[in-house]
Each structure stands twice: as C-alpha cells, then as structure tokens.
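We use all heavy atoms of the structure for the numbers below, so side chains are in, but hydrogens, waters and symmetry mates are not. Here is the naming used below: chain letters follow the sequence lines, and residue numbers restart at 1 for every chain.
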2 protein chains.
Amino acid sequence: MPQDRQVTIITVANRAGVSKTTASDALRGSGRVSEETRRLVTDVAAELGYVPNGSARHLRRARTGTIGLHLPEVLPRSDYYMSFVFGAVQAAADHGYDVTLLTSGSGAGATAERRPRVDGLVLGDPLAADPVVEKLMSSQLPTVTCERYPGPGDPDGIVWSDHGAALRELLDHLAAVGTLRPALIVPGDESDWAASVHRTYRQWCTERGVVPLTRAVPFDANADATSTVARNLLTDEPGLDALIAAPTSAAATLLPVIREAGRRVGDDLLLASCVDGPAMRFADPAITAIDVQPREAGAACAELLFELLAGAVAPGVERLHPIELNIRESTRRRNAP
Amino acid sequence: MPQDRQVTIITVANRAGVSKTTASDALRGSGRVSEETRRLVTDVAAELGYVPNGSARHLRRARTGTIGLHLPEVLPRSDYYMSFVFGAVQAAADHGYDVTLLTSGSGAGATAERRPRVDGLVLGDPLAADPVVEKLMSSQLPTVTCERYPGPGDPDGIVWSDHGAALRELLDHLAAVGTLRPALIVPGDESDWAASVHRTYRQWCTERGVVPLTRAVPFDANADATSTVARNLLTDEPGLDALIAAPTSAAATLLPVIREAGRRVGDDLLLASCVDGPAMRFADPAITAIDVQPREAGAACAELLFELLAGAVAPGVERLHPIELNIRESTRRRNAP
DNA sequence: TTGAAAGCGCTAACAC
DNA sequence: GTGTTAGCGCTTTCAA
C-alpha cells in the first residue's frame with residue numbers, strides 16, 4: 001500500500017532503525033554493512049515500496065544516467081531506424097541507462113538553448129547538413145556516431161560497417177552472372193553511408209572499365225520520387241541490365257515501374273538494394289540486398305558509448321560492425337533482354 | 001571557452017555580483033528582478049556558457065521534465081510508429097520536456113525494478129498481453145494511451161480514433177461498387193484497434209446479411225505470415241470479391257500473392273487496408289487505405305499528457321483523433337471474376 | 001561495522 | 001528589488 005508521503009531513504013532508515021548512510025550502503029550492496037542489516041534494510045525497503053530518486057542520485061554523482069539518441073527523421077527507411085532505436089534502448093537498459101530521443105525539429109523548446117540532459121550521445125547516420133547534429137557534435141559530450149560524420153569535427157567513437165566491401169561483393173556477383181551495365185540509384189553524399197556506396201561504385205566501374213551510371217535522389221526520397229528517377233533511367237538507358245537501388249524502400253517499390261517498362265526482374269534486369277528489410281525478403285521476386293543488422297548496430301553504438309563513459313576505451317575508437325550480402329531471386333541469373 | 005570547473009549558478013552570481021536567488025530569478029525571468037540586473041546576469045551567464053543542471057532543478061521541483069513513451073516492438077508497421085514517436089517528441093520539445101523510450105525488452109536493467117524517472121507516460125497501442133504495459137499502467141504515474149487499453153485499469157487520458165466508423169465507410173464503399181463477399185484479415189483482439197476493426201466488420205456483416213469471413217494474424221505478423229494466410233483464404237474461398245488487410249504492410253505485400261492466385265486487384269478483386277502508409281500510396285495499383293495520421297496522434301497524446309500534468313484537464317478525458325479514408329485504384333470499380 | 005555531517009545545484013519561503 | 005536560509009534525496013567523506 002502506497003504511503004501518502006513519498007518514501008525516501010530516510011523513511012527506510014527510520015523504519016529499519018539504522019542511519020541514512022547504512023540504509024544507502026545496504027541498498028546498493030557496497031559490502032560495508034553486515035549481511036544481517038543488509039537483509040533487514042532491503043526487506044523494509046521492499047515492504048515500503050521504496051524507489052530511489054534518480055534526480056537526487058544523479059545530482060550527487062554528477063551524471064544523469066541517460067544517453068541521447070539522434071536520428072534523421074526519415075520515414076522511407078523507418079524499419080531500419082526502428083530496429084536501431086530498439087537495439088540502442090535495449091543495450092542502454094542492460095546498463096541501467098535511459099535513452100532520450102533528440103529530434104531535428106525546432107519547436108519552442110529548441111529556442112531555449114537547453115543542453116540535452118544526458119551523459120553522452122549516439123548519433124545514427126549523422127547528415128552533413130543537419131544543424132542539430134552540428135550543434136550536438138560541438139556539445140563537448142562524449143559522442144558515438146553510427147557511420148562517420150561527414151561534417152566538421154570527430155566523434156569519440158564510431159561504429160561503422162564496410163558498405164563499400166559489401167557493395168563490391170554485390171557488383172562482383174552481378175558481373176559473375178553476366179551483367180555488363182549495372183546502374184546505381186543512391187542518395188547524395190550528405191550521409192557517409194551513401195557517400196561510400198557511391199565512391200565504391202565509381203571505383204569498381206573504373207577498375208572494370210565499365211561506364212558508371214548513377215542517379216542521385218534526396219536522402220529522404222519517398223517511393224514516388226525514386227520511382228520517377230528509375231522510370232527516366234530505364235527510358236534513357238535501354239542497355240541497362242542491372243539496377244542497384246541503395247535505399248531499402250526504393251528497390252521494392254520499383255518493381256511495378258520495372259514491369260511497366262517491359263523488363264523482367266531476375267531475368268533481363270537484375271535488381272538489388274544496399275539495405276535489406278522485410279520488403280526485400282517478401283517481394284516477388286525476392287530482392288538481393290545487404291543486411292546491415294540495424295538492431296545490433298544500435299546496440300553496438302550504445303555499448304561503445306558506455307565503454308567510453310567508463311573510461312574503458314580511449315576516445316577515437318572505431319569499431320567495425322559486420323554486415324552481409326543476401327543473394328536472392330532478383331539477381332540469380334541473367335538472360336539477354 | 002569552457003572552464004575546467006563546472007559553471008553553476010553560483011559562478012554566475014559571483015561574477016555578476018548578485019546573490020544566487022537573484023541570478024536564478026533573472027535567468028528564469030520570474031519578473032522579480034529589475035530589467036537592468038536581469039540583462040547583466042543573462043549576459044554573464046551567456047559569456048560563461050552557463051547551462052542549468054537538470055538533476056538539481058528537478059530534485060528541487062520534484063519533477064523530472066521527462067515523459068516516458070512505450071511502443072510495442074512491431075517492425076511491420078514501423079513507419080506508423082516512427083511517425084508517432086517523432087510527433088510525440090516534437091510536442092514534448094515544444095513544452096520543454098524530454099522523451100525517454102521504454103521497451104518491453106527484459107535485460108539486466110529490467111531486473112532492478114527502477115521505476116522510470118518520468119513525470120508521466122504515453123503508451124502507444126497498448127497490448128492486453130504486454131507485461132511491461134501492465135506494470136506501467138499500475139505505476140500510479142499520469143498516463144495517456146493511444147487507443148484504449150484492453151487490459152485491466154484505465155489511463156488518465158485516451159486519444160482514440162474512430163476506426164469503426166472509417167471501416168464502415170470503407171465497407172459501404174466496397175458494397176457500392178458491387179462487392180458481395182468482403183473478407184477481413186486482422187490481428188487478434190489484444191489491441192483495441194484490431195478489436196474495434198474486427199467488431200465493426202462483424203456488425204456490418206450482420207446488418208447487411210453478409211456472411212463474415214475473417215482470418216486472424218499475430219499483431220506483429222510479418223509479410224510472409226500474412227501472405228500465407230491470404231493465399232489459403234483465396235484458395236478456400238473462391239467467391240471472395242474484396243479483401244481488407246488491416247495491417248499496413250500486409251496489403252502491399254499481398255499483391256504478388258493475389259496475382260499468383262490469378263486474381264486482378266482493382267478488377268475482379270478489390271483490396272484495401274486499415275492503415276495507410278507510403279507502401280499503400282505507391283503500390284501498383286495504389287491501395288485504398290485509412291489514413292490514421294500517426295504523427296498528429298503522437299503529438300496529441302503528448303499534448304494531452306501535459307494538460308493532465310498541468311491540471312488543466314481532469315483525469316478520465318478522452319479525445320477523438322480524426323482519421324480519413326483514402327479511396328484509390330485498388331477499389332475503384334469491380335468486375336465479375 | 002556503523003553514524004554524523006557535508007554538500008551536489010537549484011528554487012521557494014521568508015526576510016529586509 | 002534583492003539577499004539569506006533552508007532544504008529536495010542522495011552519496012561520500014570523516015569519525016567513532
């Protein structure tokens with residue numbers, strides 16, 4: 001039964017007939033009190049339904065017990081970001097931390113220059129142009145980014161995946177089944193992910209003596225915009241025999257466009273994506289894609305941040321997060337158009 | 001340039017030659033100090049880069065300045081939940097609040113029964129079976145749910161949409177273009193949204209003298225599971241002339257299944273969804289769906305919670321959130337199979 | 001093994 | 001219009 005007054009550590013101490021200090025030590029298991037009193041105090045605390053006051057604890061310890069998480073507000077890849085968030089929150093919970101969400105939205109609250117009340121930051125896919133990211137990067141707080149930050153300044157930790165290597169594997173696979181002219185639809189270079197995909201593609205083309213064929217789309221391009229780009233690409237370049245649509249939503253929603261253009265996916269036109277997701281797995285035909293393991297990436301970022309906060313690793317760490325290519329029907333074999 | 005010692009309100013007060021209180025009042029603009037001193041203090045604070053300590057403030061005020069947000073971890077509708085989250089965070093930022101994410105994941109952190117350090121809770125789509133939701137509901141914290149909570153206990157505020165009325169409108173529309181046997185694929189009744197969709201469908205069928213035809217899927221059913229259910233349904237019931245797949249992901253990924261079954265969407269089989277989203281708008285053909293306005297719903301939940309916290313409204317409020325039916329190609333006209 | 005006391009940074013009550 | 005004082009609930013010295 002809940003008391004009307006808030007039950008504090010003093011309530012517990014009084015009820016147990018010990019001092020505040022002893023109660024505190026007993027509850028935290030600091031090994032300073034006798035097993036007997038410890039048991040007594042914890043029992044009383046449980047009975048009273050005592051819950052420690054986070055603000056007081058963190059005021060004393062000069063820490064907040066919270067990390068901030070910032071993500072670009074991009075709906076077209078939301079299953080990626082959702083997974084990322086849940087991964088980060090899970091890892092944080094395992095370490096007794098809370099996660100506060102920080103957005104790039106600039107409401108009334110943003111005017112008051114409240115520095116986020118957090119011990120550290122995780123920035124997922126930081127975009128070069130994002131002013132909020134820029135502000136957070138210069139906040140002096142320990143920061144981990146997922147993928148490199150293309151703007152000024154360096155985070156204390158980076159969790160990154162070798163999208164270049166995975167794309168190269170994909171391109172080699174496409175070449176192996178007979179592709180001669182693979183095209184790439186990719187967001188602009190404001191994100192490091194897109195930039196490295198773009199760069200690797202150009203390098204690969206140069207190495208192979210293939211004429212590169214790319215189209216840029218906005219980072220948050222919806223399916224409609226991407227479809228238009230693809231439609232034009234198919235019209236302009238009839239010699240095209242493979243299409244890599246980097247964003248996850250893109251490839252799946254391109255199927256109708258491709259069909260409309262009279263091409264057959266997995267037959268006279270191969271199709272692949274740089275970001276796997278449910279839509280890829282269950283498309284018809286299933287689409288070859290790179291599984292970037294977003295939930296694990298989110299968790300890895302949080303873990304790295306905690307190690308930085310604990311001083312277990314020195315600032316400047318980079319950690320490689322494994323990803324893998326999933327080959328599916330859409331690129332199994334190629335027939336001439 | 002940052003000082004090595006943390007700059008507190010005392011630093012500011014000393015530097016400005018005033019007392020702690022005056023500094024505090026000046027910085028918060030409590031109208032107690034003269035305009036002159038206020039300016040002096042704020043200037044000094046800005047110069048020193050003073051940032052108020054949230055923990056201290058909240059310890060003193062006995063509030064945390066944070067609300068908790070819980071969502072079911074359901075990837076198949078992630079664009080809905082992403083929008084909801086960003087809406088809530090935006091509204092919270094406008095009121096100077098932070099948002100902490102609470103998951104149903106049970107890690108090491110969940111063992112220590114830390115009560116969430118928040119002033120109130122927003123629960124999006126609370127599921128009857130979710131133990132975390134149950135715990136949160138009984139936490140005594142001011143709580144707003146999006147859609148009713150099907151489990152025991154009542155939240156202090158509810159933001160809900162009339163999914164029943166929208167579905168009725170959809171069913172009437174289907175009947176108007178000549179549908180005789182509309183079927184429904186819907187998650188079980190653990191969420192109020194699914195329950196009310198289900199209930200309304202049965203009522204409508206009774207009123208019209210139509211034999212109801214439903215199939216249940218798990219709340220977090222992925223496209224694969226839903227496809228299987230749909231495939232069987234199409235085989236078992238060849239007389240079927242319309243299909244309503246309630247979950248947003250479902251309808252879009254059903255297109256290949258339907259085509260496989262030799263049916264033509266928007267022609268001899270009408271298709272619709274109870275949750276709109278990018279996948280619906282850009283499907284081929286575009287799919288009729290109910291736009292449930294998730295971003296606005298998230299914001300509305302947060303807003304209602306703040307009103308409750310401020311005592312501006314009494315507990316027990318219910319607020320209707322408008323939604324609307326978007327009719328598209330997939331249900332425009334019906335031809336005989 | 002335990003207690004007493006100091007204080008984290010801030011705001012509200014009460015002076016003047 | 002401004003300063004002084006007393007805490008918010010907790011952890012961490014320093015004594016006993």
Audit row: B/Arg32, B/Thr21, side-chain hydrogen bond (donor to acceptor under 3.5 Å, both in side chains) steps and yes/no = CA-CA 10 Å; B/Arg32 222 183 74 135; B/Thr21 312; 5.6 Å; no
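Rounded to a whole Å, the CD atom of B/Glu36 is 12 Å from the P atom of D/dG1. As rounded to whole Å, 10 Å separates atom C1' of C/dC8 from atom CD1 of B/Ile10. As rounded to whole Å, 13 Å separates atom P of C/dG9 from atom CG of B/Asn14. For the pair B/Arg63 CZ and C/dC10 P, the interatomic distance rounds to 16 Å; values are reported in whole Å. With rounding to whole Å, A/Lys20 atom NZ is found 10 Å from C/dA4 atom C1'. As a whole-Å value, the separation of B/His58 NE2 from D/dC8 C1' is 13 Å. Atom CG in B/Asn53 sits about 13 Å away from atom C1' in C/dT11, given to the nearest Å. Atom CD1 of A/Ile9 is separated from atom P of D/dT12 by 11 Å (rounded to the nearest Å).
Residue B/Thr22 has a polar side-chain atom (N or O) positioned under 4.0 Å from OP1 or OP2 of D/dG3. In this structure, B/Arg60 does not reach the C/dG9 phosphate: none of its side-chain N or O atoms is under 4.0 Å from OP1 or OP2. At the phosphate of D/dG9, neither OP1 nor OP2 sits under 4.0 Å from any side-chain N or O atom of A/Thr8. One finds a side-chain N or O of B/Ser24 lying less than 4.0 angstrom from the OP1 or OP2 phosphate oxygen of C/dT11. For the pair B/Arg57 and C/dC8, the criterion of a side-chain N or O lying under 4.0 Å from OP1 or OP2 is not met.
Using a 4.0 Å heavy-atom cutoff across all strands shown, B/Thr21 reaches at least one base atom of the nucleic acid. In this structure, B/Ser55 reaches neither bases nor backbone, as no heavy-atom distance under 4.0 Å exists between it and the strands shown. Using a 4.0 Å heavy-atom distance criterion, B/Arg32 is classed as a base contact.
Salt-bridge formation is detected for the pair B/Glu47/B/Arg15: a Lys NZ or Arg NE/NH1/NH2 atom is positioned less than 4.0 Å from an Asp or Glu carboxylate oxygen.
Within a 6.0 Å radius of CD in A/Glu35, other residues, nucleotides and ligands contribute more than 12 heavy atoms. Surrounding CZ of B/Arg39 are at most 12 heavy atoms belonging to other residues, nucleotides or ligands under 6.0 Å away.
Two residues, B/Ser34 and B/Arg61, neighbour DNA chain D, and the one matched to the more 5' nucleotide by heavy-atom proximity is B/Ser34. Remark on DNA chain C: of its neighbouring residues A/Ala23 and B/Tyr50, the 5'-side contact belongs to A/Ala23, judged by nearest-heavy-atom nucleotide.
B/His321 contributes no side-chain N or O that, together with a main-chain N or O of B/Cys301, makes up a donor-acceptor pair within less than 3.5 Å.
Comparing C/dC8, C/dT11, C/dC10 by their nearest atom to the side chain of A/Leu59 picks out C/dC8.
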